[in-house]
Amino acid sequence: MIAKRWTQVARWVLGLGAVLTPVAALAQPAPRPAASAPAAPPAFATVGDVVVPLPDYQRALAVAVRKKFYHAKPPEGELARFQREVGDDVVDRVLLLAEAKKRGLQPDRARIDATVAGYDAQYGKSETWKTQRAQMLASVVPQLERDSLIEQLERDVRKTEPPTEAALRDYYERHKALFVEPEQIKLAVILLKVAPSAPVAQWRAADEEGKRLHDRLKSGADFASLAKLHSGDRSAAQGGQMEYTHRGMLPEAVQQVVDPLKTGAMSAPVRLLEGVAILRVDGRKPAQQRAFDEVRQRAADLWQRDASQARWKQLIADLRRATPVRIDESHYAPLPPSPATSAPPASARPSAG
């Protein structure tokens, strides 16, 4: 089991490796290879004088697909865009790695050694690890080194000085919507719990019970008393009373039911994921704009986040402009037509007559 687990981990880690070959090296006359020497893999892209072999892009794509979609197939129409995103990321890593080396950054050797020691501790008893350790680390360690360089570069580039008072106030004024406390709503609920997989007859019985309770409430029955007797929600002991909740925190189905209700109004029985519910709005607090002094620290945090992201994006854009990049897009699926281009022009459409 340990050996099998290591094999899976090793395949994933090795899949991140990228062997980047300078174009100049490819152009040099090479010694005549032995008859059994494998042919060089096709290129996915050239970035300056660096060639990215197609298998490196394919491994990066496989890892990205597993990370985003787990083991499912990407949705129809999304694969083409996702392939291009991954391709851009592969190119950006080449550019960033070159920039890190240009700045004289060095891999964090202590951190890399600690990572390798972690592998030794976790897989040291595995026969596969014992026999293939050197071979696996020959690919893993260079990848860890590249990751270390790019992480250091990103950390350095993203460093920003705290904003001035004027800059902070200006940010607040231009992003006031970020500092609005959402509307809050206070509800009371009677929930007749039904398991989502319960038989249809059980759901129908809950519907009928909900109608009977609703009729009693309309006739003047006490909501809290009925909630304590019949509700399966955890608020039952409090007569169905819930705390104030910010807009957006409620399940969408509940939000749609209570949005049109005025304070004091009660919904008809409605099916939710957890069962059949009767909801009553007991209070509303309107959205409020928070004053600058109340949100000063949050504004500073958001300002620094945005400034940091802008610096990082600017570096990548500058590197892209300064470095010729060619990607063989034949390795991408075709992009789906946009709505604007897929519809025929008005002059080409058949007339109503």
Side-chain angles (χ1 to χ4, degrees), residues 68 78 81 85 88 154-191 214 217-218 222-224 227 231 233-318 338-340:
K68 183 171 183 179
E78 191 171 339
R81 283 184 287 269
E85 290 175 11
D88 285 343
E154 183 170 7
R155 187 165 58 246
D156 290 348
V157 170
R158 286 182 176 273
K159 287 179 181 176
T160 57
E161 295 294 326
T164 64
E165 180 73 9
L168 195 56
R169 287 185 176 274
D170 176 68
Y171 184 89
Y172 170 82
E173 291 296 330
R174 289 186 294 107
H175 300 86
K176 277 194 167 183
L178 296 176
F179 308 104
V180 174
E181 184 174 358
E183 175 196 34
Q184 297 182 65
I185 186 169
K186 184 175 178 62
L187 298 177
V189 61
I190 297 175
L191 176 65
H214 190 250
L217 291 167
K218 288 193 297 182
D222 181 62
F223 192 101
S231 181
D233 188 71
R234 60 184 177 182
S235 64
Q238 290 77 45
Q241 289 285 331
M242 302 173 67
E243 299 295 330
Y244 271 99
T245 305
H246 283 104
R247 182 176 187 82
M249 299 299 291
L250 292 171
E252 184 177 354
V254 174
Q255 194 71 60
Q256 291 176 352
V257 172
V258 301
D259 271 349
L261 298 179
K262 295 181 179 179
T263 300
M266 177 178 63
S267 76
V270 58
R271 282 193 181 188
L272 304 176
L273 181 63
E274 303 88 349
V276 176
I278 300 172
L279 301 160
R280 188 181 69 191
V281 177
D282 285 351
R284 290 184 184 271
K285 293 180 181 179
Q288 291 186 337
Q289 179 70 56
R290 303 287 298 278
F292 173 76
D293 287 337
E294 294 179 306
V295 296
R296 177 186 293 272
Q297 186 56 54
R298 173 167 167 75
D301 292 342
L302 292 176
W303 184 94
Q304 288 199 296
R305 180 201 67 182
D306 291 356
S308 167
Q309 184 68 6
R311 287 171 61 89
W312 184 242
K313 286 184 175 181
Q314 187 62 53
L315 172 65
I316 294 174
D318 291 344
S338 64

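FYI, the numbering just counts along the sequence from 1. Quick caveat, the model's predicted, so the values are computed rather than measured.
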I'd like to check V189 versus R234 (side-chain heavy atoms, cut-off strictly below 4.5 Å). Are they in contact? no

R296 and D293 ion-paired at < 4.0 Å: yes

Can you check whether Q288 reaches E294 side chain to side chain, under 4.5 Å on heavy atoms? no

With respect to F292, which candidate in Y171, Y172, F179 satisfies the ring-ring contact (aromatic ring centres under 6.0 Å, His included) definition? Y172

Using every non-hydrogen atom in the two residues, find where V258 and R284 come nearest and quote the distance to one decimal. O-NH2, 2.7 Å

What distance separates Q238 CD from E243 CD, expressed to the nearest 0.5 Å? 8.5 Å

With a 4.5 Å limit on heavy-atom distance, are the side chains of K285 and K186 in contact? no

Considering all heavy atoms of both residues, which atom of L272 and which atom of A253 are nearest to each other, and what is their separation? CD2-CB, 3.9 Å

What is the minimum heavy-atom distance between L168 and P163, and which atoms define it? CD1-CG, 4.0 Å

Do the side chain of T263 and the main chain of G283 share a donor and acceptor less than 3.5 angstrom apart? no

Check whether any side-chain heavy atom of Q309 sits under 4.5 Å from a side-chain heavy atom of R158, and report yes or no. yes

Compute whether any side-chain donor of one residue and acceptor of the other, for D233 and S235, lie under 3.5 angstrom apart. yes

Please determine which of R298, Q297, Q304 meets the side chain to side chain donor-acceptor pair (under 3.5 Å) test together with D301. Q297

For the pair D156 and R311, find out whether any cationic side-chain nitrogen is under 4.0 Å from an anionic carboxylate oxygen. no

Gap separating the CG atom of L178 from the CG atom of D306, nearest 0.5 angstrom: 8.0 Å

Could you work out, with side-chain hydrogen bond (donor to acceptor under 3.5 Å, both in side chains) as the rule, every residue matching R174, not counting sequence neighbours? D170

Can you check side chain to side chain contact (heavy atoms under 4.5 Å, CB included) on L187 and V254, steps first, answer last? CA-CA 10 Å; L187 298 177; V254 174; 4.1 Å; yes

Side-chain contact, heavy-atom cut-off 4.5 Å: D282 with F223? no

So, the side chain of S267 versus the backbone of L279: is there a donor-acceptor pair under 3.5 Å, distance only? yes

Looking only at heavy atoms, the pair that brings A227 and G240 closest together is CB-N, 3.7 Å

Using every non-hydrogen atom in the two residues, find where A268 and H214 come nearest and quote the distance to one decimal. CA-NE2, 3.6 Å

Can you give me the closest heavy-atom contact between Q255 and G248, atom names plus distance? OE1-N, 3.7 Å

Within 6.0 Å of CD in E165, more than 12 heavy atoms from elsewhere: yes

